[in-house]
Amino acid sequence: SSTMSFSEAEVQSARGAWEKMYVDAEDNGTAVLVRMFTEHPDTKSYFTHFKGMDSAEEMKQSDQVRGHGKKVFTAINDMVQHLDNSEAFLGIVNPLGKKHATQLKIDPKNFRIICDIILQLMEEKFGGDCKASFEKVTDEICTHLNNVYKEEGW
């Protein structure tokens, strides 16, 4: 469905959890991408300039990896600010999904991978409660991105 159902309490706890990650957006965003590229090397093939990088250390230092990590976190942050407003939320998710589906041709399963890594990192850094309060957000993001892909004929 296109409407989201977050209670006020869920919105608040999700924002609180995300805030902890977003304080270090660039470092945490980079850590998420490095883990994704390391554990799922096929995901690197979408990023022509990351392809040759094999060591996690090299990726961590890369301005391009860091820049994209920050970009991912900024986009999620925008979504988190609009959990209580479906229209605004979809206003961010839809163009993002469209771009990844049509221009970048990114397999949508990668969104789930990246969301799961974000949840993993949250749990490692801030514990299970933090992760639990953000899980519904990642489910919504992935669901809506997948819907955009379906509309684009994937």
Side-chain angles (χ1 to χ4, degrees), residues 1-40 42-44 46-47 50 56 59-60 64-154:
S1 77
S2 67
T3 51
M4 298 184 297
S5 50
F6 283 94
S7 69
E8 189 50 39
E10 285 174 323
V11 170
Q12 291 314 320
S13 71
R15 283 186 183 152
W18 175 250
E19 192 49 46
K20 294 176 178 167
M21 289 288 279
Y22 194 62
V23 172
D24 296 309
E26 191 173 317
D27 282 343
N28 285 330
T30 301
V32 166
L33 286 185
V34 169
R35 190 174 290 190
M36 178 173 80
F37 293 148
T38 309
E39 293 175 1
H40 306 269
D42 55 307
T43 57
K44 274 199 300 189
Y46 293 108
F47 297 90
F50 304 167
M59 290 178 215
K60 254 177 224 149
Q64 279 139 332
V65 175
R66 298 189 71 79
H68 196 72
K70 180 104 192 275
K71 211 187 234 176
V72 168
F73 267 47
T74 303
I76 293 174
N77 192 57
D78 291 343
M79 294 174 202
V80 169
Q81 301 319 312
H82 295 105
L83 293 176
D84 42 11
N85 179 342
S86 295
E87 210 174 311
F89 181 88
L90 293 173
I92 298 159
V93 172
N94 289 343
L96 192 83
K98 221 181 166 90
K99 182 183 181 185
H100 282 75
T102 58
Q103 280 174 265
L104 304 170
K105 310 229 188 299
I106 307 284
D107 187 319
K109 75 171 192 315
N110 293 315
F111 296 122
R112 188 68 260 174
I113 291 173
I114 209 165
C115 281
D116 286 344
I117 293 171
I118 289 170
L119 291 173
Q120 244 173 39
L121 197 65
M122 278 182 145
E123 185 168 31
E124 287 163 19
K125 287 185 167 241
F126 309 111
D129 287 351
C130 183
K131 175 193 171 186
S133 56
F134 203 67
E135 261 171 317
K136 189 171 174 181
V137 177
T138 59
D139 289 344
E140 285 290 339
I141 292 172
C142 289
T143 298
H144 289 291
L145 285 168
N146 282 323
N147 290 344
V148 175
Y149 269 72
K150 282 187 197 107
E151 282 160 25
E152 293 300 330
W154 273 70

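If you read the sequence from its start, that first residue is 1, and numbering goes on from there. Since the structure is predicted, the reported quantities are computational estimates derived from the model, not experimental observations.
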As a quick check of understanding, evaluate side-chain contact (heavy atoms from CB on, under 4.5 Å) for Val93 and His82, giving each step before the final call.
CA-CA 11 Å; Val93 172; His82 295 105; over 6 Å; no
Apply the test side-chain hydrogen bond (donor to acceptor under 3.5 Å, both in side chains) to residues Gln81 and Asn77: give CA-CA distance (whole Å), side-chain angles for both, the deciding distance (0.1 Å), then the verdict.
CA-CA 6 Å; Gln81 301 319 312; Asn77 192 57; 3.3 Å; yes
Verdict with reasoning, Gln120 to Asp116, per side-chain contact (heavy atoms from CB on, under 4.5 Å):
CA-CA 6 Å; Gln120 244 173 39; Asp116 286 344; 5.6 Å; no
Determine, step by step, whether Phe47 and Val65 satisfy the side-chain contact (heavy atoms from CB on, under 4.5 Å) criterion, reporting the C-alpha distance in whole Å, the side-chain angles of both residues, the deciding distance to 0.1 Å, and the verdict.
CA-CA 9 Å; Phe47 297 90; Val65 175; over 6 Å; no
Phe73 and Trp18: ring pair (Phe, Tyr, Trp, His ring centres under 6.0 Å), yes or no, with the steps?
CA-CA 10 Å; Phe73 267 47; Trp18 175 250; 4.9 Å; yes
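When side chains are defined from C-beta on, Val137 counts as touching Phe6, because their heavy atoms get closer than 4.5 Å. Taking 4.5 Å as the limit, some side-chain heavy atom of Ile76 sits within range of a side-chain heavy atom of Ile118. Tyr46 has its side chain within reach of Asn110: a pair of non-hydrogen atoms, C-beta onward, lies under 4.5 Å apart. In this structure the side chain of Met79 reaches within 4.5 angstrom of the side chain of Leu96, judged on heavy atoms. Inter-residue side-chain proximity for Tyr22 and Thr74 is flagged as met; some heavy-atom pair is nearer than 4.5 Å. The closest side-chain heavy-atom distance from Met59 to Phe50 is not below 4.5 Å. Looking at Thr138 and Arg112, their side chains come closer than 4.5 Å, going by heavy atoms from C-beta outward. Looking only at side-chain heavy atoms (C-beta outward), Phe111 and Ile141 stay at 4.5 Å or farther from each other.
Put simply, the side chain of Lys136 gets close to the backbone of Ser5: a donor and an acceptor are under 3.5 Å apart. Remark: side-chain polar atoms of Tyr149 are paired, donor with acceptor, to backbone N or O of His100 under 3.5 angstrom. Of the possible donor and acceptor atoms, one in the side chain of Lys105 sits under 3.5 Å from a partner among the backbone N and O of Thr102.
Remark: Asp129 CG is loosely packed, at most 12 non-hydrogen atoms of other residues, nucleotides or ligands lying under 6.0 Å away.
In this structure, Asp27 does not pair ionically with Lys70, as no charged nitrogen and carboxylate oxygen lie closer than 4.0 Å.
Atoms NE2 and CD1, on His40 and Ile113 in that order, are 4.5 Å from each other to the nearest 0.5 Å. Here the straight-line distance linking atom CZ of Phe126 with atom CG of Leu121 works out to 8.0 Å at 0.5 Å rounding.
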